Structure formats: C-alpha cells, structure tokens
Amino acid sequence: MSDEPQPQPQQPNRGWASGAPEAAGKAKKPKRPKRTGWRRLIPTWRIVLSTVVVGLLLIVGGFFLGYHLVQIPAANALATKQSNVYLYADGSVLARDGEVNRESVGLARISKDAQHAVLAAEDRDFYTESAIDPMAMVRAGWNTATGKGKQSGSTITQQYVKNYYLAQEQTVTRKVKEFFISIKLDREKSKAEILEGYLNTSFFGRGAYGIQSAAQAYFGVDAKDLTAAQGAYLASLLNAPSQYDVVAHPENKPAAEARWNYVMNGMVEKGWLSASDRAAAKFPKPKQSTISTNMSGQRGYVVNIVRKYLIENGIVDEEELGRGGYRITTTLQKDKQDAFVKAVDDKLMSQLDKKERKVDTYVRAGGASVDPKTGKVVAMYNGIDYVKQYTPNAVRRDFQVGSTFKPFVFASAVENHSETQSGQTINPNTRYDGTSERPVEGWAGGRYAPENEDHRDYGNVTVREATDKSINAVYAQMAVDVGSDKVKQTAIDLGLSKNTPELTPSPSIALGVATASPLDMAEAYATIANHGRHSTYTLVEKVMKDGKQEIDLPARREHQAVSREAADTTTSVLRSVVQNGTATAAQAVGRPAAAKTGTAEEDTAAWFAGYTPDLATVVAVMGQDPKTAAHKPLYGAMGLPRINGGGAPAEIWSQYTRNALKGEPVADFDLQLQTGADVTAPPSSDASDEPGDGDESGSSDPDAPSSTGDEDDTETPGDSGSSTPPGDSGGTETGPPTTGGGTPSTGGPSTEPGPTGGGSGDDSNGGTTEGGGDTDGAGGGDSDTGFPGIPVTPRRQ
C-alpha cells in the first residue's frame, strides 16, 4: 500500500454554501413578479415613451419625406381652360366661346369689396395665418363626425391647391398632396397671388368659373365694379352655389340671406366695411338670366370672323387662341349692330312667306358698316341665325357686285386723267353713246357689246346720267378708255382684295362681275367717303390675355388711295344717283347721302352701297338654295316680280343709317371737285325718261348664245327705278359721243367651276355677259386684309 495520499471524491456543491462568497461581493436582484389580471393590459411607461419617441420620429421623417417627394404639379386641365370673351366697343359682352365659362383677371381688376367679402366668408385670417390650419381641420373633422354637417377645414390656400392643381375627389391621397403642396406654395407665392388664383378658379354656379364670369352671370357687371353687397352674395355662393342661387331656388332665400349676413358682418368685424355702410346695405337681387354665351343669332358669325382676323393678321396664334383666356374688344357698336339686325328684319325677313313661296326660302342678306374716318367696322349683318345659316354673308366672296362697281371705274378715270377715244377728258359731263349692245371701241381683246337693261337704248348721255341710270354700254366703254388694268388697280387701292374672284382686267370689269364681299365693298366706299384716304379697316380695338397682358395690335395705316379730286367727284356723281337715279330710296335717311345700286347676273343678288359723311354701309340680298348652296334668282321673292338694289337693300340701308346716326349732327359733304364737275350739263334730248339699273348685261351679241349659269339661266333685266334726269343747266359738253367699232372680245368660257356664272361664247361672238370673264375657281380667294372669302358650292357651269 502506497504512502502517497489518495484523491478524495468531490462532494456536490451546496447552493447555500457556494453562494455565500458571491453574495459578499454583489447582491442578486430579486425577480419582479409577473403582472396578472387587468394590469397586463396597461402599457408601461417605457413602452409609452418609446412609442411616443418612435411616433414623433416617424411623423417628422414622414413630413420631411413627403415634403421632398410631393412636388407642385402642373395645373389640371380644367383649371387652365378659359373662354375667350368678345366685347362690343363699349365693353358689354357680345359672346363667349370655349367649353368653360371662365375669364381670368388680375387682382387689380377685382374690387376690394369683393376680395374682402370672399375672405370674410372663407378665411378671415388669410393674410396672417399659415397655409394650413390644423385646428380648423380637426374641428371640421369633429363636426362632420358628430353629425353637424360636412365641413371643410381648408384654408383658401388649400382650396386653391385643390381647384388649380388637383382633382376634386375626396381621398386620403389627395388630402395628403393638398397638405404638402399648400405648404410649398405658401413659401413660393405671395398671398396676393394665391388669392388671385383662388378667385379665378372657384366655381360660383350658373356655369361660371372665376369671379369675373360670376359677376357677369349674376349681375351683368365686371368684377372690378362689384359692390360689397354683391361681392358678399357671390362669396356666399362658394359655400353652396346651386342652393344659394335665389333666382333658381327662391325657397332657399332665407338660408342665402343668413349666409350673406354672416359675410357682411365678418367684413365689419375685420374692419373692411364700416358699420354705417353695413347698415345701409341691402341683399342684392341677381339678374333673372345670365348673358347668353352661345353662338346663336349674330354672335357665332362675329366670333368666327374676329377669330380669322386675329389669326390671319398675326395678332394671336391659333393654338393660343384655342386655349382661351383672351378678352377681345371689337369695334362693333351694340346700338348700330342692333339697328342693322332690326332693319333687315323689318324691311326683308318679315316680308317673306317661306311656306307659300319657295323662292323666299332662298333669300339671304349680308351687310357691313364702316366708319370712313377710322376704318372701324361698326356693324355687320351675316344671316338670320348662326345655328341655322352657317355661312357669314358679310364676308362671303361669291356673288357678283353688279353696278355697285361702276363708281370705281369713274374714280379711276378721274384719278388717271383719262380721255375718251376722241381725246376728251372724262368728267361727269362727258357724253357717251348709251346704245345697248354697241361694241366697245379700242378693246383689242375681242368683240364686246354689252346690253343695257331690257335692251334699252339711251342715245347720247352724260356720265352723270349714265351713272344715274346705270347704263352698261357707257361704263364698258369707259373701262376701255381708262384701261381695265388701271380700273382693277383703283379698286384694289380703294379697299378690295387683290384676290377678289373675277377681278380681271377686261371691259366686263365695269359691270361688276367681280365677287367682292359686302365688307370689302363697304371698305372701298368708305375710302371714297373719306376723300380718297384709305384707313386699314379693323374689327378689333383691344386684346387682353388673362386679364393682364395687352397684346400689340397692328399699327393703323392710312394713305391717300386716290386723289381727293377723284374721290370727291365720284361722290358728287353718286349724290346725283340718290337725288335723281336708282337710289332715290336713300332720301329717307334724311341727311346728305351718296349711293349706287347693283344687281348680279340673273338677279341672284341685289346690292345697295351708300354713305353719308359719317358712315359707309353696303347691303346685299342674295339668293341661295339652302340644300345645294347653288345661287338662285330672286324673281318673285317677297311677292314682288323681282328684288332690285333700289328696293329692299335700299330700304334696309335707309332705316339702318337713319337709326345708327340718330342724335348725331347732320353733316354735309365737303367736296373738292374736278374742274368743270361743279356744273351739271343738261340731259340729252334723246335719252329715255325711264332710268334702269342696267346692272345685268346680256350677251355681247344678240345672236350669241346666252351665258350658262344656273339651270334656271335666263336673260333678265336689271334694277329698275323711277327718276328724272338732272335738270341743272349751264354745263357744257366736253366732247362728242364715242362710237362703236371695237374689236371682238373673247370672254371665253370658264375652265374651272366657280361660284358665279361665267359667260360662255367663242372668239367670234364674244359671249361675255355681266357674268362673263374667266373664273379663277370656286369663290372666296384668300384675303390679304384678314377677311377671307367664304367659299360655297359653285353654281353649275
């Protein structure tokens, strides 16, 4: 057995024994007893604190994340849509176009009372508060949740953001975007800019977006003229546009008045309205109906004509005009426009019986009136109703102007110091051979022998007599004596477009085969009335964009188109037509006037062109099939054998001119005449006592084939009238009458269809009638003055 000690077996540790030394160094914490019962449901303060801290971090982080992620978007489509507003010269509304009835205006064009009324109704602390009002949002949510009615806690800034940038749906996403955009917008835009935007985008009922449209819709005034009472009413509408319209819903008037009182009292509280003014204010009565904004009546015609004028003169781009927002003040004067419409209704439309007379369904009327001194178009008549007859008759270029063109021939003769074939200076007393179908002399283009009305022979007559009676034979010869190319240039200088269809240099130019529009002719006659000075005629006075930016208009141009002597001598001759010729109906105007009648080939149109020193107006009565658009003769219209220039057109002109100048002082013509023109030669002894309009010529040769125009093509007489030749004595003859013997005119047939009937024939017999001359195509050539011709279906050739 070894003496070394043997290892002893280890004893198991005793908890109490082994733990004793550790307890001496560190005491062990006793475990917290577990929570039991209802106390388990209450979070500890640690959990609450942690949740608050995490929540705040999430809110702050979410705010900064949302602020950086949500950008201010482009305006929504509805917010940018506006109507273009067309105004009369006096500022009253003529028409609106576009899908949305909105006209944005600057804050300066909204009355302070109206601004304060909206603030009193919607956001009284707008100028001092931030873009959002959390307490108001909470309050509105609480009131909505507790059944006190759906309410909005949005500030004006938030409402503007909703109107201008966002859609109108009630979603959490939209509210979140609205929140962040409002904060950003408040930092980037001034309060004035935000208020202006809000007032221009809010809906006020009656289809009106923006306070300018609302002011017109409810009170017929501009926003700048709104009173405190009117502004408070419009502000009340923002809360419930449909319900608070007391005209549409009179049963809701008590509620509307209560809201109005709330707004008015708020204005007093904020110091925006004095207590005395508040006490004197009465609840305003809105208009019964809004201003018509559709295209019926004359409105549609005017809107389209003005649009073309703006675009073709480079004033406004077509695409920009289509976006809207333009406020266009026209030169049209409402009283004159109304007078024109009434004159056409009284003297023409009321005389038609479309059920009993088919020809009455063909009747159309067009006209234009121009201030000779300024070139401004003051009135137009385009048709009975834009929604019924689309073609604007005042600017269409497809009816022959007939003998209303003859004054241009005479003016050209005086302007160019022209002479007859025998070398005599052409003046009002120059004598010509007025024999019907006498071939013109000196024309190298072919035989041309136009007939007078009813083949009437007038013998040896003065130019003044020939104008009174509208003798074709005389004026065809005069056109050759002057030079038909010079006649054409004079017509263009006076105001006709160089693109006027059928304005070709040939003897037939004197008979009015050109198809100028009534507006073209009014401009040319206005130039004569203005002593030969031509002012660029215009339809527009002023153009504003979005109520702020004024668009530049072309500078007004004026020049001496023909000499004063030429223009004034022409006026002297045309005064004789009113006193003794085919235009005697114009005497009813009761003031000095000069005028000329005219009739298109086959009596498809009758014209009256005349002027006083203050107003030049042209009226045309036209015949057109409403289904085929073909030109139609007007025989039997109004129950009369025929309509001539001295009839309905002259009566319309007289009534319109008399009423348009009512109250204006009577002015006389101040004329400086060509030498010798101040004395009137005695009438020829062999002249017929019966003047004719002579506006429609027949074939150049009695044996030549008749012109082929409509299927109803017939040779018919021109305007008729009764008068006596000038009786003044003391004049002297300036030369012997010219004689026939000219070479034949080709006047060949048209090779392209056109809106007017072209003469037909061959080189041997001429065949050129008043409807003769080569056609350049369908009517309505491009305008070089901003008023295009309106092409229609051409007549059958």
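Source: prediction; values computed, not measured.
Taking a cutoff of 4.0 Å between a charged side-chain nitrogen and a carboxylate oxygen, D338 and K334 qualify as a salt bridge. Note on R575 versus D668: salt bridge recorded, some NZ/NE/NH1/NH2 to OD/OE distance being below 4.0 Å.
Between the side chains of D485 and Q489, no donor N or O sits under 3.5 Å from an acceptor N or O. Between the side chains of N530 and T527, not a single donor N or O lies within less than 3.5 Å of an accepting N or O. There is no side-chain donor-acceptor pair under 3.5 Å between D493 and T490. With 3.5 Å as the limit, one finds a donor-acceptor pair spanning the side chains of D346 and Q655. Between the side chains of T538 and Y309, at least one donor N or O lies within less than 3.5 Å of an accepting N or O. Residues R397 and T500 bring no donor and acceptor atom of their side chains to less than 3.5 Å of each other.
Listed here is the closest heavy atom pair of V401 and F405: CG2-CB, 3.9 Å. Residues A479 and P507 share a closest heavy-atom pair of CB-O, 4.2 Å. Scanning both residues, A606 and G645, for their nearest heavy atoms gives CB-N, 3.8 Å. Between S563 and E415, the closest heavy-atom pair is N-OE1, 2.6 Å.
With rounding to the nearest 0.5 angstrom, the CG atom of L87 is 12.0 Å from the OG1 atom of T331. Residue E541 holds its CD atom at 11.0 Å from CG of D90, rounded to the nearest 0.5 Å. Here CG of N460 is found 7.0 Å from CG of D433. Values are rounded to the nearest 0.5 Å. The CD atom of E453 lies 9.0 Å from the CG atom of N472; values are rounded to the nearest 0.5 Å. A distance of 9.0 Å separates CD of Q672 from CD of E565, quoted to the nearest 0.5 Å.
E465 places a side-chain N or O within donor-acceptor distance of the main-chain N or O of T462, the cut-off being under 3.5 Å. A distance-only check finds no donor-acceptor pair linking the side chain of R658 to the backbone of G590 [under 3.5 Å].
In summary, the aromatic rings of Y525 and F408 are positioned with their centroids under 6.0 Å apart. In this structure, W443 has its ring center at least 6.0 angstrom away from the ring center of Y448.
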* Does the pair I426 and E419 meet the rule for a side chain to side chain contact (heavy atoms under 4.5 Å, CB included), with working shown? -> CA-CA 5 Å; I426 299 174; E419 298 178 347; 5.6 Å; no
* Where do S508 and E502 land on the side chain to side chain contact (heavy atoms under 4.5 Å, CB included) test, with the steps shown first? -> CA-CA 10 Å; S508 65; E502 310 300 331; over 6 Å; no
* Can you check side chain to side chain contact (heavy atoms under 4.5 Å, CB included) on N644 and T597, steps first, answer last? -> CA-CA 8 Å; N644 54 49; T597 57; over 6 Å; no
* **Verdict with reasoning, D614 to E664, per side chain to side chain contact (heavy atoms under 4.5 Å, CB included)** => CA-CA 9 Å; D614 303 305; E664 297 293 326; 5.5 Å; no
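Within 6.0 Å of atom NZ in K373, more than 12 heavy atoms from other residues, nucleotides or ligands are found, so the atom counts as buried in its surroundings.
Ring orientation note: the planes of F340 and Y656 are close to parallel, at an angle under 30° on the 30°/60° scale.
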